[in-house]
Asker: 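First, the structure itself, so that you have it in front of you.
Order of appearance sets the numbers: ligands from 1, and atoms from 1 within every ligand. This chain uses plain numbering: 1 for the first residue, then up along the sequence.
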Amino acid sequence: MERYYRPEIETAPREEILKIQNEKIVKQVRHVYDNVEYYRKLMDEKGVKPEDIKGVEDIHKLPFLKKDDLRECYPYGLLAVDLKDCVRIQSTSGTTGKRVVAFYTQHDIDLWEECCARAIVAAGGTNEDVVQVCYGYGLFTGGAGLHGGAHKVGALTLPMSSGNTERQIQFMMDLNSTILCCTPSYAAFIAESLKERGYKPEDNKLKAGIFGAEPWTEEMRKSIEEGLGIKAYDIYGLTETSGPGVAFECSEQKGMHINEDHFYAEIIDPDTGEVLPEGEKGELVFTALDKEAFPLLRYRTRDICILTRGKCSCGRTHVKMCKPMGRSDDMLIIRGVNVFPSQIETVLLNEGYTPNYMIYVDRKNNTDTLDIDVELSPDKFSDNIAEMQEMEKKLAAAMRTMLGIGPKIHLVAPKTIQRSEGKAVRVIDNRKLHD
Ligand code: DLL
């Protein structure tokens with residue numbers, strides 16, 4: 001039987017959700033206009049006043065916020081409450097430019113942790129579970145968010161943080177963890193490490209995993225589910241909107257329900273900014289409806305996505321987002337062709353290879369090149385060069401069919417590609433260095 005953390009909200013009729021959203025947005029726009037000078041200026045420039053926003057149908061009148069605005073406002077420029085009312089700061093893992101710092105009041109923390117609690121319950125979590133959190137703790141929102149959510153559910157929480165895989169496995173087996181929370185790439189690594197130590201999927205007590213923070217394919221889901229003997233659920237979120245839990249998967253495992261009583265989602269055309277109708281692919285934009293300290297309105301996530309409102313078998317009524325199809329800035333344009341790393345992962349897993357790979361893009365003699373290192377599992381590895389070359393050719397052909405361009409494949413020995421404990425880095429684009 002499906003269980004919910006807040007049934008009255010999660011299964012509320014559409015009209016009721018809309019009513020909640022309309023009430024919240026009116027208050028929220030007033031709060032931001034009165035307290036955030038930067039956004040007030042953007043609204044004034046656009047000629048929009050708080051009184052013009054009477055409900056969510058007016059949200060499209062508001063200006064967008066982009067990552068650049070956040071950089072410009074670093075660190076306090078978008079803060080909407082007194083600093084003394086904030087109880088926490090978290091930050092993005094960003095490697096370029098300034099990091100985004102997000103502020104939280106206690107109300108914001110409660111709201112965020114509740115979103116994570118909803119995700120854990122949707123994955124079958126109860127107070128009888130042992131939740132092993134191996135997302136990074138610290139500034140990254142993964143550890144803190146799922147940790148808080150697990151507490152709210154009343155589960156026994158194992159605050160492992162990421163890394164030290166030996167210890168992760170020891171605790172998982174000794175303390176009978178039932179729910180695993182980490183990035184999908186780290187889950188794949190844990191599965192591989194368990195197998196190497198001679199454990200079979202049925203030897204652990206895990207029943208579910210809550211995996212997110214990076215794109216992952218359906219093929220990767222299947223491989224993790226088989227490797228660990230669990231059901232693998234997706235979870236989405238970003239530091240700017242609080243962290244994980246903005247959206248989460250239910251038993252249907254087909255798209256993630258957005259916590260619409262807290263976050264209003266739109267899909268826009270990334271070039272024109274125009275709002276697209278339901279079912280169309282575009283950039284995901286979020287408005288935080290009731291966050292106090294760092295209440296971003298119409299924040300452009302750069303994640304490419306589709307929203308759908310069809311009836312869900314789990315009984316939840318909140319809108320669903322599909323798996324993000326990569327960020328608009330993750331998309332590689334190689335010889336004019338759009339390539340998403342997720343397409344490469346799909347081909348690899350379909351062809352029976354491991355999810356351990358590295359993509360290298362470069363430009364030689366004014367032509368883009370695409371090279372993919374693919375790690376072989378020990379059973380596929382051989383010193384027969386002709387055989388290896390034949391496999392490389394076959395894989396390159398399968399890639400060409402999927403991508404529209406042919407990469408150069410390099411099969412590499414088992415254990416030669418570095419494993420990820422957090423967000424996996426799988427693309428190195430050397431063109432950026434030359435341009
Ligand atoms: O990654 C928050 C998080 C922690 C989500 C743990 C889920 C689990 P940031 O570091 O700010 O926050 O990165 C946010 O990561 O805009 C997406 O591009 C990507 N992302 C997050 N979840 C998913 C997912 C956290 N389930 C950025 N699928 C977002 C694909 C995801 N991409």
Side-chain angles (χ1 to χ4, degrees), residues 65-67 70-71 89-102 104 112-113 115-116 118-120 122-123 131 133-150 161-162 179-187 209-218 220-221 224 232-250 253-259 263 265 270 283-286 288 294 296 299-306 320-331 340-342 345 420-427:
L65 272 176
K66 290 186 176 170
K67 191 104 170 179
L70 269 60
R71 292 211 174 103
I89 288 177
Q90 305 275 171
S91 174
T92 55
S93 44
T95 42
T96 52
K98 277 188 185 139
R99 283 166 173 262
V100 170
V101 285
Y104 306 71
W112 172 30
E113 291 181 352
C115 289
C116 289
R118 291 183 194 178
I120 293 171
V131 178
V133 183
C134 20
Y135 286 112
Y137 277 62
L139 286 170
F140 179 53
T141 55
L146 270 308
H147 180 100
S161 197
S162 59
I179 297 182
L180 182 68
C181 304
C182 59
T183 56
S185 53
Y186 194 42
I210 304 177
F211 306 131
E214 64 185 9
W216 54 309
T217 56
E218 283 304 322
M220 182 81 156
R221 187 206 303 268
I224 297 172
Y233 297 87
D234 203 352
I235 184 165
Y236 170 89
L238 54 162
T239 316
E240 294 89 324
T241 55
S242 61
V246 170
F248 61 86
E249 244 174 15
C250 61
Q253 290 180 295
K254 256 197 215 120
M256 295 177 266
H257 291 283
I258 295 173
N259 281 308
F263 302 99
E283 181 177 347
L284 190 54
V285 174
F286 280 113
F294 198 62
L296 303 189
Y299 180 64
R300 292 183 60 160
T301 62
R302 298 185 291 178
D303 290 322
I304 302 296
C305 202
I306 296 173
K320 273 177 158 184
M321 59 180 272
C322 70
K323 268 183 177 303
M325 303 158 180
R327 297 174 74 102
S328 45
D329 47 356
D330 269 357
M331 187 181 77
F340 281 102
S342 58
E345 183 175 294
S420 145
E421 296 170 347
K423 290 184 192 245
V425 177
R426 291 189 166 123
V427 182

Asker: Do Lys66 and Glu283 sit within salt-bridge range, that is, some charged N less than 4.0 Å from a carboxylate O?
Answerer: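 Salt bridge between Lys66 and Glu283, a charged N being under 4.0 Å from a carboxylate O: no.
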
Asker: Calculate, to the nearest 0.5 Å, the distance between atoms CG and CE belonging to Leu284 and Met321 respectively.
Answerer: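 Between atom CG of Leu284 and atom CE of Met321 there are 5.5 Å.
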
Asker: Could you establish whether Glu214 and ligand 1 come within less than 4.0 Å of each other, counting only heavy atoms on the residue side?
Answerer: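 Right, Glu214 reaches ligand 1.
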
Asker: Sub-3.5 Å donor-acceptor pair from the side chain of Gln90 to the main-chain atoms of Gly138, do we have one?
Answerer: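 Between the backbone of Gly138 and the side chain of Gln90 there is a qualifying donor-acceptor contact (under 3.5 Å).
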
Asker: To the nearest 0.5 Å, what is the distance between CH2 (Trp112) and OH (Tyr104)?
Answerer: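 Answer for the CH2-OH pair, Trp112 versus Tyr104, is 4.5 Å.
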
Asker: Is it the case that ligand 1 has an N or O less than 3.5 angstrom from some N or O of Phe140?
Answerer: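 Min N/O separation from ligand 1 is not below 3.5 Å for Phe140.
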
Asker: Below a 4.0 angstrom heavy-atom separation, can you tell me which part of Leu238, side chain or backbone, both or neither, approaches ligand 1?
Answerer: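 Under 4.0 Å from ligand 1, Leu238 contributes backbone and side-chain atoms.
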
Asker: Atom NE2 in His257, atom NZ in Lys320: separation rounded to 0.5 Å?
Answerer: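 Here the rounded value is 4.5 Å.
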
Asker: Output yes when the distance from some N or O of ligand 1 to some N or O of Asp303 is under 3.5 Å, and no in every other case.
Answerer: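 Yes, Asp303 has an N/O under 3.5 Å of an N/O on ligand 1.
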
Asker: How many angstroms lie between SG in Cys116 and CD1 in Ile235, if you round to the nearest 0.5 Å?
Answerer: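 Going from SG on Cys116 over to CD1 on Ile235, the span is 5.0 Å.
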
Asker: Return a yes/no value for Asp234: is any of its N or O atoms, backbone included, closer than 3.5 angstrom to an N or O of ligand 1?
Answerer: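 Yes, Asp234 has an N/O under 3.5 Å of an N/O on ligand 1.
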
Asker: Determine whether the side chain, the backbone, both or neither of Pro324 has a heavy atom under 4.0 Å from any heavy atom of ligand 1.
Answerer: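 The answer is the side chain.
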
Asker: Are any of the N or O atoms of Gly212 closer than 3.5 Å to those of ligand 1?
Answerer: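 So ligand 1 has no N or O lying under 3.5 Å from an N or O of Gly212.
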
Asker: Roughly how far apart are Ser161 OG and Glu421 CD, rounded to 0.5 Å?
Answerer: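 These two atoms lie 9.5 Å from each other.
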
Asker: So is there a nitrogen or oxygen of Thr239 less than 3.5 Å from a nitrogen or oxygen in ligand 1?
Answerer: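 Yes; at least one N/O pair falls below 3.5 Å.
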
Asker: Going by distance only, is there an N or O of Thr92 that falls short of 3.5 Å from an N or O of ligand 1?
Answerer: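 No; the residue has no nitrogen or oxygen that sits under 3.5 Å from a nitrogen or oxygen of the ligand.
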
Asker: Could you tell me if any non-hydrogen atom of Lys423 lies under 4.0 Å from any atom of ligand 1?
Answerer: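 Contact check Lys423 vs ligand 1: positive.
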
